[in-house]
Amino acid sequence: MGVLEEFRLDCKSSLVTGGASGIGRAFAEAMDEAGADVVVADIYAEGAEEVADEIADDTGRETLAVEADVTDEDNVETMVSETVDAFGGLDIAFANAGIAELERGAETYEVRQWNRIVDVNLTGVWLTDLYAARAMFDDGGGSVINTASVYGLRGSEALGYIPAYTASKGGVVNLTRTLGAEWAEEGVRVNAVAPSHVRTGIGGGALKDDMPGVEDP
């Protein structure tokens with residue numbers, strides 16, 4: 001048996017937020033490739049449906065598109081409950097949804113920008129983790145993966161000074177550490193990935209043309 005076969009996810013159910021594009025879409029496709037059934041959740045319903053339909057057409061595996069705003073607690077609770085209802089449980093949750101607004105100079109940042117980015121990137125991750133974990137507790141455990149960023153580990157200059165983004169992603173790093181320690185006793189593993197530059201639509205697609213050597217997802 002090869003290495004990849006050792007990590008098959010057959011008969012597992014997965015949920016990906018921000019799954020309509022970029023890294024989230026790649027996560028959803030990877031879960032499907034590994035054998036899991038997938039819920040593609042995104043605030044953009046049409047995009048989520050398109051990705052879910054493409055995955056289903058490619059493999060015939062069960063998929064579900066859910067419209068969800070991760071900053072809205074009721075939306076997140078419904079998103080998780082629809083996943084559990086559709087697949088009989090939740091084994092893997094990717095809290096991936098995130099945004100960025102690129103600015104030159106922290107002193108130009110407005111409170112509305114700060115609040116919006118922190119709401120999506122940190123509070124949205126917390127809510128997704130919370131409701132996913134509650135579902136997993138009932139079934140004896142599962143895996144939660146948060147999308148942090150290399151800029152959660154250091155400041156940003158290459159993209160401009162983006163205080164809300166770096167602060168929110170740093171928060172995700174330490175939230176992951178805290179939840180991982182607390183929920184291990186319940187059988188829920190909590191980890192994070194910290195991508196570097198990836199050509200996606202985040203920040204208005206700023207990385208697509210400006211960062212040499214960055215791969216399109």
Side-chain angles (χ1 to χ4, degrees), residues 4-5 7-100 119-121 124-125 127-136 139 142-147 149 191-193 195 197-209 214-217:
L4 292 180
E5 282 71 26
F7 292 92
R8 293 289 302 172
L9 298 174
D10 301 294
C11 302
K12 301 291 186 180
S13 62
S14 64
L15 164 67
V16 181
T17 67
S21 62
I23 291 174
R25 179 174 185 147
F27 279 155
E29 291 171 347
M31 291 296 95
D32 169 71
E33 184 177 348
D37 297 323
V38 183
V39 171
V40 181
D42 204 286
I43 196 169
Y44 301 110
E46 185 175 338
E49 290 171 2
E50 178 182 331
V51 173
D53 288 345
E54 287 182 6
I55 290 173
D57 289 344
D58 287 344
T59 66
R61 193 165 289 114
E62 284 194 71
T63 62
L64 177 67
V66 175
E67 181 179 3
D69 177 352
V70 296
T71 69
D72 185 307
E73 185 173 3
D74 290 339
N75 270 208
V76 174
E77 182 176 16
T78 299
M79 172 183 75
V80 172
S81 66
E82 288 186 9
T83 302
V84 172
D85 290 344
F87 297 150
L90 175 59
D91 299 301
I92 305 159
F94 276 92
N96 167 75
I99 59 172
D119 281 350
V120 175
N121 292 2
V125 168
L127 289 173
T128 302
D129 289 359
L130 176 64
Y131 281 95
R134 287 175 177 173
M136 292 171 183
D139 285 338
S143 177
V144 172
I145 303 100
N146 297 327
T147 300
S149 168
N191 293 283
V193 294
H197 302 130
V198 181
R199 284 184 175 141
T200 70
I202 196 167
L207 298 179
K208 287 191 172 182
D209 299 320
V214 178
E215 297 296 330
D216 287 308

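The figures that follow rest on heavy atoms only: side chains count, while hydrogens, waters and symmetry mates do not. Please read all numbers here as calculations on a predicted model, not as lab measurements. Starting from 1, each residue takes its place in the sequence as its number.
Partners of Asp10 under the salt bridge (Lys or Arg N to Asp or Glu O under 4.0 Å) rule, at least two apart in sequence or in another chain, are Arg8. A search for side chain to side chain donor-acceptor pair (under 3.5 Å) contacts involving Asp85 returns nothing, not counting sequence neighbours. Every residue meeting the side chain to side chain donor-acceptor pair (under 3.5 Å) condition with Asp91, not counting sequence neighbours, appears here in chain and number order: Ser13. Annotation: side chain to side chain donor-acceptor pair (under 3.5 Å) contacts of Glu54 (sequence neighbours excluded): Arg25. A search for side chain to side chain donor-acceptor pair (under 3.5 Å) contacts involving Ser143 returns nothing, not counting sequence neighbours.
Each of Asn121, Leu127, Asp129 was checked for a side chain to side chain contact (heavy atoms under 4.5 Å, CB included) with Val125, and the lone residue meeting it is Asp129.
Here the CD1-CG distance, from Ile145 to Asn191, works out to 7.0 Å after rounding to the nearest 0.5 Å. The distance from atom CG of Asp74 to atom CG of Asp69, rounded to the nearest 0.5 Å, is 11.0 Å. In this structure, the separation between CG on Asn75 and OH on Tyr131 is 11.5 Å, given to the nearest 0.5 Å. Going from atom OG of Ser81 over to atom CZ of Arg134 covers 12.5 Å, rounded to the nearest 0.5 Å. Between the OG1 atom of Thr128 and the CG atom of Leu15 there is a distance of 7.0 Å, given to the nearest 0.5 Å.
Between Val16 and Phe27, the closest heavy-atom pair is CG1-CB, 4.0 Å. Between Val80 and Ala135, the shortest heavy-atom contact is CG1-CB, 4.0 Å. The shortest non-hydrogen separation linking Asn146 to Ala95 is OD1-CB, 3.4 Å. The shortest heavy-atom contact between Met136 and Ala93 is CE-N, 3.8 Å. Taking each heavy atom of Val40 and Ala28 in turn, the nearest pair found is CG2-CB, 4.2 Å. Here the closest heavy-atom approach between residue Asp139 and residue Gly88 is recorded as OD2-O, 4.2 Å.
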task: Would you sort out whether Ile92 and Met31 count as a side-chain contact (heavy atoms from CB on, under 4.5 Å), showing the intermediate values?
output: CA-CA 9 Å; Ile92 305 159; Met31 291 296 95; 4.2 Å; yes
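Pairs of residues two or more places apart, or lying in two chains, that qualify as salt bridge (Lys or Arg N to Asp or Glu O under 4.0 Å) and include a residue from residues 32-45 are Asp32-Arg61.
Under the 3.5 Å distance criterion, the side-chain polar atoms of Asn96 are matched with a main-chain donor or acceptor of Thr17.
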